[in-house]
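Beneath this line is the structure, given in structure tokens, with notes to follow.
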There are 2 protein chains.
Amino acid sequence: MNFSIGELSKQTGVKVPTIRYYEKEGLIDPPVRTEGNQRRYRETDRERLRFIRHSRDLGLPMPAIRDLIELSQHPDKPCHEADRIAADQLKSIRERIVHLKKLEVELARIATSCQGDHTVTQCNVLKAFGDHSQCLDNH
Amino acid sequence: MNFSIGELSKQTGVKVPTIRYYEKEGLIDPPVRTEGNQRRYRETDRERLRFIRHSRDLGLPMPAIRDLIELSQHPDKPCHEADRIAADQLKSIRERIVHLKKLEVELARIATSCQGDHTVTQCNVLKAFGDHSQCLDNH
DNA sequence: CTTGAAGCTCTAGTCGCTATAGGGATTAGA
DNA sequence: TCTAATCCCTATAGCGACTAGAGCTTCAAG
């Protein structure tokens with residue numbers, strides 16, 4: 001019915017200090033307190049926190065989550081902005097994949113460039129880290 | 001022969017405050033100073049900075065770069081550690097790609113789930129952000 | 001010799017937490 | 001009812017790798 005921050009943490013997988021941090025940042029509402037000043041949460045708080053957690057796991061930055069929460073407070077508004085946020089995040093993830101794949105190519109080359117026993121002066125890995133001109137791409 | 005921090009910045013693409021930061025962190029040696037206390041660099045400093053820059057561009061964390069620099073001061077040592085650092089970084093990049101690809105799948109689903117004009121209460125995007133059970137993967 | 005760009009140090013802010021310190025509250029068992 | 005173990009509270013500082021700003025000094029071109 002009504003549970004402590006530790007219980008909420010267990011149920012959502014969000015660590016206790018992180019829950020307090022989200023409250024401070026305004027992502028979740030300050031809950032009621034016991035006489036001894038401890039937080040007590042309800043199901044709606046748990047849903048909100050799961051929403052935040054899942055959005056974070058998907059890589060959304062906190063301002064985007066803030067926007068989504070704001071939006072969800074206005075049931076009759078159109079939801080274009082939610083669409084846009086999802087599309088932006090997808091785009092950003094795809095850009096990061098492209099970037100990382102380029103790095104992967106270079107690093108695979110570098111990591112295999114020094115097979116066998118070498119000393120530092122002969123080391124192709126060290127040379128490659130210092131010499132961007134060996135790279136196929138501009139990172 | 002001997003140039004200012006701004007010149008070094010132009011030649012390497014590393015911003016002036018970042019150069020000072022690297023010096024503070026011990027990645028580059030403190031250069032000589034003019035009578036008026038301004039830094040003056042040499043070619044070797046430029047090479048060192050290019051090494052750092054390129055390593056950073058490839059995603060190496062600063063402690064790894066520190067290790068590589070340390071290593072390069074000992075020309076006769078074997079270079080296994082450089083190999084290991086490169087291999088570790090390649091592994092880490094590949095793991096990140098795998099992770100991001102999973103996110104891409106989920107986000108592509110979410111971003112296309114709400115075609116047409118909906119209001120917030122009907123919004124599939126908002127629902128999907130709140131509901132991890134719709135996902136194929138555990139992120 | 002003047003002027004304006006570039007340099008100097010120091011501090012604080014970024015993001016999303018996480019860790020620690022030093023205390024108070026709650027709860028289960030004896 | 002007492003006590004011990006566990007939980008919870010606030011506040012502050014730290015992470016990584018910079019970046020921005022304030023307030024001052026030095027340099028180089030004309």
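Heavy-atom basis, side chains included; hydrogens, waters and symmetry copies ignored. Every chain is numbered from 1, with letters handed out A, B, ... down the list of sequences.
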**OP:** Please list, chain by chain and in numerical order, all residues satisfying side chain to side chain donor-acceptor pair (under 3.5 Å) with B/His54, sequence neighbours excluded.
**Re:**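 A/His132, A/His139.
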
**OP:** List for me each residue that meets side chain to side chain donor-acceptor pair (under 3.5 Å) alongside A/Gln122, sequence neighbours excluded, and say none if there are none.
**Re:**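 Here the qualifying residues are A/Thr119.
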
**OP:** Check each residue of residues 44-60 of chain B for a non-hydrogen atom within less than 4.0 Å of any atom in DNA chain D, then write out the ones that pass by number, or none.
**Re:**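 When residues 44-60 of chain B is checked for heavy atoms under 4.0 Å from DNA chain D, the hits, listed by number, are B/Arg56.
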
Original post:
Got a sec? Which of residues 86-99 of chain A come in under 4.0 Å of DNA chain D, heavy atoms?
Top reply: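 Listed by number, there are none.
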
**OP:** Not counting sequence neighbours, list each pair that qualifies as a salt bridge (Lys or Arg N to Asp or Glu O under 4.0 Å) and has a residue in residues 125-139 of chain A.
**Re:**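 Qualifying pairs, neighbours excluded: A/Lys102-A/Asp137.
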
Original post:
Tell me the salt bridge (Lys or Arg N to Asp or Glu O under 4.0 Å) pairs involving residues 68-97 of chain B, sequence neighbours left out?
Top reply: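 Residue pairs passing salt bridge (Lys or Arg N to Asp or Glu O under 4.0 Å), neighbours aside: A/Glu104-B/Arg94, B/Glu81-B/Arg84, B/Arg84-B/Asp88, B/Lys91-B/Glu95.
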
**OP:** Report the end-to-end axis angle of the helix from C/dC1-D/dG30 to C/dA30-D/dT1; each axis comes from five terminal pairs, and the value is rounded to 10°.
**Re:**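 Inter-axis angle at the termini of the helix from C/dC1-D/dG30 to C/dA30-D/dT1: 10°.
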
Original post:
Near DNA chain C, under 4.0 Å by heavy atom, which residues of residues 20-32 of chain B?
Top reply: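 Those residues are B/Arg20.
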
Subject >> Any A/Ser4 side-chain nitrogen or oxygen under 4.0 Å from OP1 or OP2 of D/dC7 >> reply: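 No, outside the criterion.
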
**OP:** Applying salt bridge (charged side-chain N to carboxylate O under 4.0 Å, His left out), name anything that partners A/Asp57, two or more places apart in sequence or on another chain.
**Re:**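 Per chain and number, A/Asp57 pairs via salt bridge (charged side-chain N to carboxylate O under 4.0 Å, His left out) with A/Arg53.
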
Every protein N/O within reach of nucleotides 26-30 of chain D N/O, cut-off under 3.5 Å:
{"unit_1": "D/dC27", "atom_1": "OP1", "unit_2": "B/Thr34", "atom_2": "OG1", "d": "3.1"}
{"unit_1": "D/dC27", "atom_1": "OP1", "unit_2": "B/Gly36", "atom_2": "N", "d": "3.2"}

**OP:** Would you list the pairs meeting side chain to side chain donor-acceptor pair (under 3.5 Å) in which at least one residue belongs to residues 4-17 of chain A, sequence neighbours left out?
**Re:**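 Found A/Glu7-A/Gln11, A/Gln11-A/Arg46.
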
Subject >> For chain A, the stretch of DNA chain C it reaches, first to last nucleotide, under 4.0 Å of its heavy atoms >> reply: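 Reading along DNA chain C, I get C/dG16 to C/dT26.
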
